[in-house]
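Model, not experiment: these values are computed from the prediction. Computed from heavy atoms alone, side chains included, the values below leave out hydrogens, waters and symmetry copies.
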Amino acid sequence: GTSLAEARDHERVRVLADSVEATGRRSLFPRDRLLHHFLRGLVLAGAGRHEDAVREFRAALHSPSQGYTRIIYELGKSLLALHRPAEAIGILRAPLHGGLEGSGLYLTRTEVHELLARAFDAAGQRDSAAAHYAIVARVWRDADPPLAQRRDAAQRYAAR
């Protein structure tokens, strides 16, 4: 579903969300019963309906630090789109307190640091933004070419 949403195939994501909801009802795992909200949030965010997306992402949360951490990431992006960086900062810190295995594998810590840096910058907290951008620049120092532009932007900000 995440890949389909990234490809902007929102109709297939909607259909998949219905299937995930039906399957989730039969699951014993609380996260599975909520996951359809994440897919619906992706569709709403892709349509620029971030307020509605925030509601869906929040409904999808089982645990901010131990759940499906991509929800936190997408929630943070929508909060930033709504110019609510303080809320984004609060929620984006949670995955950094979770484990490095299991649910921690859905999102890299570097991605969290990068989005946190953007949130701190938007909140006018330049020192915190620079600290998180420095982590991104250090970790992605030898990154593959698809990450080079993001790494370079982080390096420029941290150097300023």
Side-chain angles (χ1 to χ4, degrees), residues 1-10 13 17 31 34-160:
T2 304
S3 296
L4 290 171
E6 192 69 28
R8 306 198 54 77
D9 191 346
H10 296 147
V13 177
R31 181 188 78 180
L34 304 174
L35 196 55
H36 66 97
H37 290 290
F38 171 66
L39 295 174
R40 295 181 203 295
L42 290 176
V43 171
L44 291 164
R49 294 177 51 196
H50 293 286
E51 196 66 56
D52 295 326
V54 165
R55 274 193 291 283
E56 287 292 336
F57 291 140
R58 287 192 191 280
L61 281 177
H62 170 64
S63 167
S65 61
Q66 300 299 319
Y68 184 48
T69 50
R70 294 262 4 137
I71 298 167
I72 298 295
Y73 186 74
E74 296 299 333
L75 174 56
K77 286 176 20 181
S78 282
L79 288 168
L80 283 175
L82 292 168
H83 308 289
R84 290 160 46 187
E87 283 181 73
I89 291 166
I91 197 75
L92 287 167
R93 286 179 164 159
L96 296 177
H97 298 288
L100 295 173
E101 69 290 324
S103 63
L105 297 175
Y106 300 118
L107 177 68
T108 69
R109 290 188 183 290
T110 309
E111 289 173 293
V112 177
H113 284 292
E114 182 186 36
L115 196 55
L116 258 173
R118 287 181 40 211
F120 278 119
D121 187 28
Q125 298 180 39
R126 306 290 188 254
D127 288 348
S128 294
H132 286 279
Y133 275 129
I135 292 168
V136 172
R138 181 176 41 81
V139 172
W140 284 347
R141 181 183 58 240
D142 297 319
D144 291 333
L147 295 174
Q149 188 175 20
R150 290 164 65 186
R151 176 206 56 221
D152 294 346
Q155 286 174 330
R156 283 191 302 275
Y157 189 99
R160 274 191 289 140

Novice: Specify the closest pair of heavy atoms between I89 and A119, including all atoms of both residues, with the distance to one decimal.
Specialist: CG1-CB, 3.6 Å
Novice: Can you see which heavy atom on A137 is nearest to which on R151, and at what distance?
Specialist: O-CG, 4.1 Å
Novice: If you measure from OG1 on T110 to CZ on R138, what distance do you get to the nearest 0.5 Å?
Specialist: 8.5 Å
Novice: Can you name the one residue among D9, V43, L39 that meets side-chain contact (heavy atoms from CB on, under 4.5 Å) with L4?
Specialist: D9
Novice: Is E51 atom CD crowded by more than 12 heavy atoms from other residues, nucleotides or ligands, each under 6.0 Å away?
Specialist: yes
Novice: With side chains defined as the heavy atoms from C-beta onward, is the minimum distance between L79 and L92 less than 4.5 Å?
Specialist: no
Novice: Quick one: OH on Y157 to CZ on R126, what's the gap to the nearest 0.5 Å?
Specialist: 5.0 Å
Novice: Using every non-hydrogen atom in the two residues, find where L42 and T2 come nearest and quote the distance to one decimal.
Specialist: CD1-CA, 3.9 Å
Novice: Is there side-chain contact between V139 and R109, with heavy atoms separated by less than 4.5 Å?
Specialist: no
Novice: Could you pull out the closest heavy-atom pair between A117 and A129, with the gap in Å?
Specialist: O-CB, 3.4 Å
Novice: If we only count heavy atoms from C-beta on, is the H132 to Q125 side-chain gap below 4.5 Å?
Specialist: no
Novice: Which distance, rounded to the nearest 0.5 Å, do you find between the CG of L96 and the CG of L107?
Specialist: 8.5 Å
Novice: Compare every heavy atom of H10 with every heavy atom of A47, then report the nearest pair and how far apart it is.
Specialist: N-CE1, 4.5 Å
Novice: Over all heavy atoms of both residues, which pair between F38 and F57 is shortest? Give the atoms and the distance, please.
Specialist: O-CE2, 3.5 Å
Novice: Could you please spell out the steps behind the side-chain contact (heavy atoms from CB on, under 4.5 Å) verdict for V54 and R84?
Specialist: CA-CA 11 Å; V54 165; R84 290 160 46 187; 4.3 Å; yes
Novice: Got a second to check how far H37's NE2 is from R58's CZ, nearest 0.5 Å?
Specialist: 14.0 Å
Novice: How many angstroms lie between CD1 in I91 and CG in L116, if you round to the nearest 0.5 Å?
Specialist: 11.0 Å
Novice: CZ/R141 to CD/Q155 distance, rounded to the nearest 0.5 angstrom?
Specialist: 9.5 Å
Novice: Could you tell me whether D52 and R55 make a salt bridge, using a distance below 4.0 angstrom between a side-chain N and a carboxylate O?
Specialist: yes
Novice: Is it true that E56 and R49 have a side-chain N and a carboxylate O under 4.0 angstrom from each other?
Specialist: no
Novice: Please examine the side chains of P85 and L80, heavy atoms only from C-beta on, and report whether any two atoms are closer than 4.5 Å.
Specialist: yes
Novice: Taking the six-membered ring of Y73 as reference, does the cationic atom of R70 (NZ for Lys, CZ for Arg) lie under 6.0 Å from its centre and within 45° of its axis?
Specialist: yes
Novice: So R93 and H97, side-chain hydrogen bond (donor to acceptor under 3.5 Å, both in side chains) or not? Walk me through it.
Specialist: CA-CA 7 Å; R93 286 179 164 159; H97 298 288; over 6 Å; no
